[in-house]
Amino acid sequence: MLRKLLSSTSQKKLQLIEYLLDDQGTSLHDLALKFSISMSSAKTYIAEIDNEFSFLDLQFDDFSAVRLHLHPFATRLDIYSHFLNRSSAFQLLELLFSSSFTSYDMLALELNLSKSSIIRLIKRINLILAPFDFFIATKPIQLKGNEKNIRQFFLIFFLEKYQYEFIDANINQEQEFLKIAHIMAAATPLNLYFSDIKKIAFVIYINTKRDRFAASETNADHIEYFLEKIDLSEFTGYTRAYVEKMVGYVTTHIGQDPAVFHKTKQEFYHLTKQLFRKYNYRESNFEEKLDAVVFSYFLGINLQVPYCILDDRFDRFVANCDFVQQAVNQDIIQLLTHSSLPIIRPSTINYLIYIFHTSFPNFAKEIIDANADFHLALFYDTNSYHTEFIQTKIQQFIPYQLTITILNPLDSFSLTMLDETYDLIIGNLTPSSRKNVFHYADINLTSNDLAFIAQQIQEKGIRKLQEKNAQ
């Protein structure tokens with residue numbers, strides 16, 4: 001939804017970049033068809049992307065095949081940050097977060113736009129921001145409405161644009177924010193990661209930045225609990241009122257007291273254990289990871305604005321889940337919808353699915369390894385060196401445990417006599433036996449071939465687990 005704040009050209013470029021990163025190798029013709037644009041427009045967009053993004057490696061050959069890769073150390077966040085930096089709508093919003101203007105002319109001068117462009121831009125922004133209960137007022141030109149939602153929106157916006165950089169805070173302020181965040185983290189019944197602590201510090205930073213222009217009342221609930229654990233002598237030169245305000249920013253954003261944290265942690269413990277029992281899974285450092293899950297939940301559950309600005313990573317993650325993760329997701333949805341957790345909107349479920357799989361990344365692999373017992377046979381008419389190369393490639397790119405047997409092509413007519421039954425035979429020879437599933441794969445094993453093998457393993461693992469649970 002918030003992507004509509006980008007210009008139509010930027011929206012198309014972003015769609016093209018995301019598509020090319022997900023689909024490694026497509027033709028210019030297919031791109032034109034996919035995005036309903038002409039071939040010349042497709043060429044223009046590709047050329048502009050190549051010139052505009054120094055951290056993207058775009059390859060465009062004589063046969064009109066297009067490939068796009070991120071440079072080492074670059075991430076998708078760099079892409080979204082780039083678009084946010086160049087968007088007139090987001091530049092205007094950032095300007096109004098900590099200032100106001102008495103006339104369109106002054107704002108137009110600041111953004112190097114015409115007065116009519118500014119007026120159209122404000123109308124478009126207000127239309128898109130309407131569901132979030134704040135808007136751009138015009139007399140004077142400033143952000144008005146639900147102050148809590150304004151701060152939440154800009155927390156997400158600045159995290160996505162600046163990637164945890166405290167842009168206009170000096171090093172001493174940054175250290176103060178981190179110090180209070182560490183103390184508050186220690187006061188909760190959770191063991192938090194440094195990334196979580198930095199997010200707390202960023203909450204304080206955003207609120208401090210906004211307070212320079214528009215003061216607000218912080219949440220006084222539960223502040224005393226944290227203040228009792230803070231030694232004010234650590235903050236020389238700052239009053240108790242200042243520290244209270246910093247703590248209040250965080251409790252306002254997270255909105256729960258330690259007792260609720262503890263209760264919710266117990267709820268997550270029982271939900272996760274139910275899932276683990278069903279799939280016969282064990283996690284060695286479960287308690288530590290559970291703390292991070294609970295904290296991430298609280299950071300997101302009280303948001304009255306979208307979880308993301310341009311980077312729809314939670315929806316994208318769920319849409320790209322493999323066969324095993326999809327099966328697990330159905331169980332997660334079932335558990336969440338029958339729990340006492342306040343699941344307030346559909347996007348929250350995608351958010352929690354993302355948190356689960358990223359917190360327990362080995363979950364899907366281990367349940368497949370425990371149940372699949374997959375037997376794969378290679379049936380090629382090439383020499384042993386090539387077949388062993390294929391075997392190594394499969395072992396390198398397939399994350400699951402499997403047994404691989406190399407069949408002699410001379411056994412083509414005796415396969416029906418073999419005692420062994422293979423879950424899958426792949427090769428460039430078609431066996432006479434039909435008792436095994438066969439997949440034709442050329443001597444150059446492709447990513448589609450590897451994906452087919454992986455899905456066969458996943459399907460068998462889930463099927464065997466379901467049979468076991470049904471007994």
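Residues take their numbers from the sequence shown, with the count starting at 1.
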Assess, by modelled atom type and distance only, whether the side chains of [X] and [Y] contain a donor and an acceptor separated by less than 3.5 Å.
| X | Y | result |
| --- | --- | --- |
| S40 | S38 | yes |
| D449 | T446 | yes |
| N149 | D133 | no |
| S10 | S7 | yes |

Can you label the angle between the [X] ring and the [Y] ring as parallel, tilted or perpendicular, going by 30° and 60°?
| X | Y | result |
| --- | --- | --- |
| F314 | Y351 | perpendicular |
| F158 | F154 | perpendicular |
| F194 | H182 | tilted |
| Y19 | F35 | perpendicular |
| F363 | Y279 | perpendicular |
| Y164 | F202 | perpendicular |

Considering the options T337, L336, L335, which one meets the side-chain contact (heavy atoms from CB on, under 4.5 Å) requirement together with I333?
T337

Measuring only between side-chain heavy atoms, which start at C-beta, is L84 closer than 4.5 Å to Y162?
no

Which pair of non-hydrogen atoms, one from [X] and one from [Y], has the smallest distance, and what is that distance?
| X | Y | answer |
| --- | --- | --- |
| I37 | K12 | CG2-CE, 4.2 Å |
| K198 | L178 | CA-CD2, 4.2 Å |
| Y249 | R151 | CE2-NH1, 4.2 Å |
| D78 | Q163 | OD1-NE2, 3.3 Å |
| S359 | V293 | OG-CG2, 3.3 Å |
| L28 | K43 | CD2-CG, 3.2 Å |

With no hydrogens and no angle check, is any side-chain donor or acceptor of [X] less than 3.5 Å from a backbone partner on [Y]?
| X | Y | result |
| --- | --- | --- |
| T272 | F268 | yes |
| D442 | N444 | no |
| Q152 | Q304 | yes |

Does [X] have more than 12 heavy atoms from other residues, nucleotides or ligands lying within 6.0 Å of its [atom1]?
| X | atom1 | result |
| --- | --- | --- |
| K273 | NZ | yes |
| K393 | NZ | yes |
| K144 | NZ | no |
| Y269 | OH | no |

Quick test of your reading of the model: are [X] and [Y] salt-bridged, counting only N-O distances below 4.0 Å?
| X | Y | answer |
| --- | --- | --- |
| R67 | D57 | no |
| D311 | R76 | no |
| E110 | K115 | no |
| R210 | E147 | yes |

One pair to check against side chain to side chain donor-acceptor pair (under 3.5 Å): D211 and T208. What are the steps and the verdict?
CA-CA 5 Å; D211 267 356; T208 303; over 6 Å; no

